[in-house]
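Here the structure is laid out as structure tokens; the discussion comes afterwards.
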Amino acid sequence: MDSSPAAAAPTEASAPPLEDCLRLLRGERDEQKLAGLLIAANVCRAGDAAAVAQVYRAVGPRFLRRLLNTGLGKVEGGKEEEREAYLRLAVTVLAGLARAPEVAADAGVVSTVPIIAEVVSKSPDLTITEECFELLSLVAIASKDGTYKFCEPGVMDMLFSQISNFPDGSRCLELSTHLLQLLVHKLRADNMSVENLQGMASMVTSLAMLFGVLHTAVKFESLHMLATLLSQKESPLHDALRSMPSTIWKSHIRGGIIDVLQNRVVSSEKLQALLLAECMMSILGENWLSEDHKILDNKNAISVDKFVLLVLQSARVEVAVLLNELAFSKYESSKSSQTDDAIIQKQRNLAILFSLIERIIKMISDASSGEGEPSQTICEKTIMQVITGLNETISLVLDFLQDAKDHGQRKGDDLLAAVRIVGSYLAETPYACQEKTGHLLEFIFSIEGQDESSPFYSVRFMLPMLSQITTTADGCRTLVSFGGYKAVIDCLIKMTEENGMMIDDGSMFLACDTIINIMSNRKNYPIQMEPCFIRLLQALITWAGTTDASSVIMTASSLCTMVMELTSEEFLLSFSGFDPKTLGSLSDLIVRSLRQDIPDEDREQLNQKQIIASGYRRWADRFPSVRNVVHQHASV
């Protein structure tokens, strides 16, 4: 190209008709096409979508791409000022053409996205940059292909690496942020290629940099976009982020969170920062919070210990406020002006905070037990401060549950979330808040989530604690005093029901351990054969029938043996649903357990085998069918 756009401009004061423009654009010489493009700019500004489409078909994407490459200096020849003029003309015309959605969605325009990104990264002229972002936003809106074109290698890096250098309040900053928002809300990581996922990961690193470095409104917009991207559950994007070699984005996010939590900002922004912290722990593991990431050029950088305490304390403050507000809205409803939507949003925020605190509980548990990663540098004093803070917050949560009990409220996802965090904490410290927990345990077992028809998760969340406290006589008495063991049995049964809950071996073992502990201490309190025990036997047969794992077989069989001491074959067969076939499956389970070849070092399973053998000797005469099968296939 050797004719500048200025030289090719028409001399008429007014623009020639559309037909003249199209004729020039269809010309064979570059001078004609350039003259046609100058007129085309006016056609585009007129806003006639049909005319714009005609102009685009006349000029074609190939010539526009060549014009862009010339402007970028990728084509030899032409003076510096001519190249800049070519670049400006190409970008202006493309931006004008893309105002017609049909044109913006065309593959030819979509294919220019990487070139336009390169213009953004190289052009010092902010007016050209503005038009580039306008064009790119139109392409992102017009089609799915246009949106996903941004994920090609290098595009995100070229587009957004310069954002932090744009003047605050500038049109460039506004347009680039708007483009990021479009991409965040339109891109979906599901079914993306690995290459495209890396492009999305680059967008996260760009947003992390803006969040960590800027101190303007864009900081908070970046925070919201990061929270939106990273809170997508089980997203393939998470794997892409975990595999990134650079860790600077983690440091930027940590620095941004510190900035938000340390300064006076509205509660909603602090909640977003805490959500982002929860997302980071979800994606990278709980130890992310206590890893020593160096934050470059951040005057507010603080130690790992202070960061952990800052996040926990901020979460605790927000939890206390939300618990108080929710209790007020529920139990002082005549005085409350809050809408249902506002209450639901508070419940969601509370669930996010509880999830974050649960992850901190896990992190502290690992650090205390020495199971944490070597990169953890949290000190003993900080661990004790965290435990003290957690005790206070769990006590508040128990007060929230007491309020619900006092007002006869036992259904709600917020109540279930409260039970979950209490269960998570008591799993690590089963005797914390012992008096409050003991008084509330029966009520906790009655709590249902909004979509539950009967309690299940409330019991399941408490199983880790129950399996520990029932190792003592006092713990067993507490559970037996209100028939709590029946709720545990019901929970176990639901975990094995066909078309019901998926079997979770971890929870099954905890439920079994709890019931075994109760049965082992039954001389201290009366436990009689009840229908729930018959259903328990059926559930254990079902569970053991799904696997060859010796741990499952031995646990199920030892508990069955204990239950069988309460009854007889004749009594079991008198119940509908417990037929000879079920009794045969029970016999097979006992035989399978007695025939297990257990290593000498596995003390737990050796003890279980002893329980099964000694129990069998006590009740064998009352179960002649089982005795016959055992005598044929096993040695006791």
Side-chain angles (χ1 to χ4, degrees), residues 261 265-275 277-278 311-361 387-427 429 432-452 454-462 465 482 487:
L261 298 183
V265 299
V266 294
S267 178
S268 59
E269 301 296 1
K270 290 197 174 186
L271 280 167
Q272 285 288 302
L274 292 168
L275 166 59
E278 195 278 335
V311 171
L312 175 61
Q313 181 59 22
S314 300
R316 290 181 58 230
V317 168
E318 298 299 330
V319 164
V321 171
L322 284 170
L323 288 175
N324 186 56
E325 290 178 348
L326 281 171
F328 181 82
S329 64
K330 280 186 167 188
Y331 312 129
E332 303 289 338
S333 56
S334 60
K335 304 174 187 177
S336 174
S337 60
Q338 295 187 65
T339 64
D340 288 343
D341 287 345
I343 293 171
I344 290 171
Q345 187 57 55
K346 290 181 189 297
Q347 291 174 333
R348 287 173 180 164
N349 291 338
L350 186 64
I352 291 166
L353 293 168
F354 280 170
S355 180
L356 172 60
I357 292 174
E358 280 187 66
R359 295 189 184 283
I360 293 175
I361 291 169
I387 291 172
T388 300
L390 289 171
N391 267 325
E392 293 173 1
T393 295
I394 297 303
S395 182
L396 282 178
V397 176
L398 289 168
D399 289 342
F400 178 69
L401 291 173
Q402 183 67 54
D403 265 356
K405 179 184 178 183
D406 294 343
H407 288 85
Q409 296 282 333
R410 65 180 188 86
K411 194 174 187 72
D413 290 341
D414 54 343
L415 297 179
L416 192 59
V419 173
R420 174 170 173 155
I421 193 172
V422 168
S424 293
Y425 187 59
L426 295 181
T429 55
C433 307
Q434 189 171 5
E435 186 175 349
K436 284 186 177 181
T437 304
H439 289 152
L440 280 170
L441 197 55
E442 182 175 5
F443 170 70
I444 286 173
F445 279 11
S446 73
I447 288 174
E448 300 171 2
Q450 200 62 45
D451 297 328
E452 286 187 290
S454 62
F456 170 71
Y457 285 105
S458 57
V459 180
R460 184 176 175 182
F461 292 151
M462 300 299 288
M465 181 270 282
F482 65 91

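Atom set for the values below is all heavy atoms of this structure, side chains included, hydrogens, waters and symmetry mates excluded. Here, residue 1 is the first one in the sequence, and each next residue gets the next number.
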Report task. Measure the spacing between OH of Tyr425 and CD1 of Ile360 and express it to the nearest 0.5 Å. Result -> 12.5 Å
Query raised in the report: Do Phe400 and Leu326 pass the side-chain contact (heavy atoms from CB on, under 4.5 Å) test, and can you show the C-alpha distance, the side-chain angles, and the key distance before you say yes or no?
Result: CA-CA 9 Å; Phe400 178 69; Leu326 281 171; 4.2 Å; yes
Requested in this report: Quick one: do Lys330 and Asp414 satisfy salt bridge (charged side-chain N to carboxylate O under 4.0 Å, His left out)? Show the steps, please.
Outcome: CA-CA 11 Å; Lys330 280 186 167 188; Asp414 54 343; 2.7 Å; yes
Requested in this report: Could you verify whether a donor N or O on one side chain and an acceptor N or O on the other, from Gln345 and Asp341, lie under 3.5 Å apart?
Outcome: no
Report task. Using the side-chain contact (heavy atoms from CB on, under 4.5 Å) rule, take Leu261 and Leu274 through it: C-alpha gap first, then chi angles, then the decisive distance, then the call. Result -> CA-CA 8 Å; Leu261 298 183; Leu274 292 168; 4.1 Å; yes
Report task. For Val319 and Leu396, run side-chain contact (heavy atoms from CB on, under 4.5 Å): C-alpha distance rounded to whole Å, both residues' side-chain angles, the deciding distance at 0.1 Å, then the answer. Result -> CA-CA 9 Å; Val319 164; Leu396 282 178; 5.8 Å; no
Query raised in the report: How long is the span from the CG atom in Leu398 to the OG1 atom in Thr393, to the nearest 0.5 Å?
Result: 11.0 Å
Report summary line: Value for CG (Leu322) from CD1 (Ile352), rounded to nearest 0.5 Å, stands at 10.0 Å
Query raised in the report: About how many Å separate CG of Asn324 and NZ of Lys346, when rounded to the nearest 0.5 Å?
Result: 10.0 Å
Report task. Apply side-chain contact (heavy atoms from CB on, under 4.5 Å) to Gln434 and list each qualifying residue two or more places apart in sequence or on a separate chain. Result -> Tyr431
Query - Nearest non-hydrogen partners of Arg410 and Pro455, listed with the distance - result: NH1-CG, 4.5 Å
Query raised in the report: Does Ser446 reach the main-chain N or O of Phe443 with its side chain, forming a donor-acceptor pair under 3.5 Å?
Result: yes
Report summary line: So CD1 of Ile387 and CD1 of Ile394: to nearest 0.5 Å the spacing works out to 12.5 Å
Query raised in the report: What pair of heavy atoms forms the shortest contact from Ala432 to Thr437, and how long is it?
Result: O-OG1, 3.9 Å
Query raised in the report: Between Lys270 and Glu318, does at least one N-O distance fall below 4.0 Å, as a salt bridge requires?
Result: no
Query raised in the report: Are the side chain of Ser424 and the backbone N or O of Glu358 linked by a donor-acceptor pair below 3.5 Å?
Result: no
Requested in this report: Kindly compute the distance separating CD (Gln450) from CD1 (Ile344), expressed to the nearest 0.5 Å.
Outcome: 9.0 Å
Query raised in the report: Looking at Leu356, Leu353, Ile357, which one forms a side-chain contact (heavy atoms from CB on, under 4.5 Å) with Glu278?
Result: Leu356
Query raised in the report: side-chain contact (heavy atoms from CB on, under 4.5 Å) between Leu401 and Ile447: does it pass, once the steps are laid out?
Result: CA-CA 10 Å; Leu401 291 173; Ile447 288 174; 3.8 Å; yes
Query raised in the report: Which heavy atom of Asp403 sits nearest a heavy atom of His407, and at what distance?
Result: O-ND1, 2.8 Å
Report task. Output all residues satisfying side chain to side chain donor-acceptor pair (under 3.5 Å) with Lys436, sequence neighbours left out; order by chain, then residue number. Result -> Ser395, Asp399
Report summary line: Between Arg316 and Glu392, the two heavy atoms sitting closest are NH2-OE1, 2.6 Å
Requested in this report: Give a yes or no on whether the backbone of Ala351 and the side-chain of Ser355 come within a donor-acceptor separation of less than 3.5 Å.
Outcome: no
Report summary line: Between Ala404 and Tyr331, the two heavy atoms sitting closest are CA-OH, 3.2 Å
Query raised in the report: Tell me, do Val422 and Phe461 make a side-chain contact under 4.5 Å, heavy atoms counted?
Result: no
Query - Side chains of Val397 and Phe354 in contact at under 4.5 Å (non-hydrogen atoms) - result: yes
Report task. For Glu452 and Tyr457, indicate whether the former's side chain and the latter's backbone hold a donor-acceptor pair under 3.5 Å. Result -> yes
